[in-house]
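The structure appears below as structure tokens.
Order of appearance sets the numbers: ligands from 1, and atoms from 1 within every ligand. These numbers come from the heavy atoms of this one structure, side chains and all, not from hydrogens, waters or symmetry mates.
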Amino acid sequence: MLKKIMLALVLLMSAGVMVSAKSNKSKKQSGFTMWQLPMQVGNIGNSYVFRTSGGKVIVFDGGWPAEQLYLRGFIAGLGNEVEAWFISHPHDDHMGVLWQILKDPQGMKINHIYHSRFSPELVELEQPYGEYAKDFYAVLDTVSIPVTDFREPGYTGKIDDFNFKILGVVNEEFHTNPFNNSSMVMKVWDDKKSILFLADTGAESGDKLLNGPYRDDLSCDYLQVAHHGQHGCKEDFYKSIDFRACLWPSAYWIWTNDQGGGYNTGNLETFETRRWMDEIGIKEHHVSCLEGLFKLE
Ligand SMILES: [Fe+2]
């Protein structure tokens, strides 16, 4: 009888432990919402918006100049005030909307801009993009908004419950694929999730990240696949870090490698990246051209 009572007590206690472990898990609060914005023109803009639990709005990149109406409307719907705007690199599919908003804010308030500025020499390495970058920097130099220029990776910050860490900055040493290889790489997280934004990180800067001091920070829940899903980081990069889901800021013609000749007839490398993700075992994919607006709590 005593044995039975003891057994019942042990069962009750372990059930209690399970209940409390479960309730602890469900107590994890989302510190921010993230939206992956669908492209508004048939091209490859990169655009993410966040709203913290305290109501602050944050933007990562923002897409092409031609997408400004959509992003202006989206931000207006959230109060028309951006606490922090992060720009990964000055290609116009990333900085284009901010570039236009700085010229003509139309009532939008931006409180802080974060980026990693290219040297004049680096800017000259790609044309016509260098000209767009020069104009973007010229506009940035005229506004009164505080700008933080990250010269070294490792900086961490917190906006309400939105935590961020800069893992990669401008890499002046790479003269192949120079703009993409100087993408600012950022990890963001709250208690519930973490997201790694690779922007257009290339093979060389991917290697640098993997062999650098912040390698352990690269693992995440959600990974923004580099360079819109193709010709970005190498296979080895993706297979060396842990993640469980992919964010694809990819146009349909990139996703299907169709440059006009039909399904998978182009010279893009998207299907290689897709195969690597299958081999890794990733089942959750958020592809902007297929899903439209994706909201993550
Ligand atoms: Fe891009």
Side-chain angles (χ1 to χ4, degrees), residues 35-49 59-68 70-71 85-101 113-118 122-123 125-137 166-171 174-186 195-206 209 222-234 237-238 246-259 266-270 272-274 286-290 294:
W35 291 274
Q36 175 174 257
L37 272 59
M39 286 143 210
Q40 301 302 302
V41 290
N43 224 313
I44 50 174
N46 201 64
S47 188
Y48 295 89
V49 175
V59 182
F60 182 72
D61 284 343
W64 291 92
E67 298 176 298
Q68 62 175 305
Y70 180 64
L71 188 52
W85 199 312
F86 294 87
I87 290 292
S88 65
H89 65 298
H91 266 150
D92 56 340
D93 59 322
H94 295 256
M95 61 65 173
V97 170
L98 179 62
W99 181 27
Q100 301 309 314
I101 288 173
I113 295 168
Y114 298 85
H115 74 147
S116 183
R117 188 166 177 144
F118 287 16
L122 184 59
V123 162
L125 295 179
E126 278 191 22
Q127 294 301 347
Y129 307 109
E131 293 307 309
Y132 309 150
K134 270 192 245 177
D135 193 61
F136 171 62
Y137 289 150
I166 304 301
L167 305 183
V169 295
V170 63
N171 295 304
F174 297 132
H175 289 188
T176 51
N177 197 11
F179 276 38
N180 290 342
N181 269 320
S182 275
S183 289
M184 190 173 84
V185 172
M186 182 168 88
I195 314 164
L196 179 66
F197 291 96
L198 290 170
D200 286 355
T201 293
E204 293 80 4
S205 55
L209 283 167
Y222 292 83
L223 175 75
Q224 179 244 302
V225 182
H227 195 228
H228 313 275
Q230 64 91 39
H231 196 58
C233 297
K234 293 193 284 199
F237 179 92
Y238 294 120
C246 289
L247 304 175
W248 300 77
S250 311
Y252 193 67
W253 61 273
I254 293 178
W255 179 249
T256 56
N257 185 28
D258 180 355
Q259 291 166 301
N267 58 11
L268 304 177
E269 298 164 14
T270 327
E272 275 182 75
T273 316
R274 289 171 63 171
H286 301 282
V287 187
S288 64
C289 64
L290 302 180
F294 166 55

If you count heavy atoms of other groups shown closer than 6.0 angstrom to OH of Tyr137, is the number above 12?
yes
Please state whether the rings of His286 and Phe294 are parallel, tilted or perpendicular, taking 30° and 60° as the class boundaries.
parallel
Which of the N/O/S atoms in Asp93 sits closest to the Fe ion (ligand 1)?
OD2
Restricting Asp200 to its N/O/S atoms, the closest one to the Fe ion (ligand 1) is OD2
Show your reasoning for whether ring pair (Phe, Tyr, Trp, His ring centres under 6.0 Å) applies to Phe60 and Phe86.
CA-CA 5 Å; Phe60 182 72; Phe86 294 87; 7.0 Å; no
Rounded to 10°, how many degrees is the angle NE2/His94-the Fe ion (ligand 1)-NE2/His228?
100°
Centres of the Tyr48 and Phe197 rings: under 6.0 Å?
yes
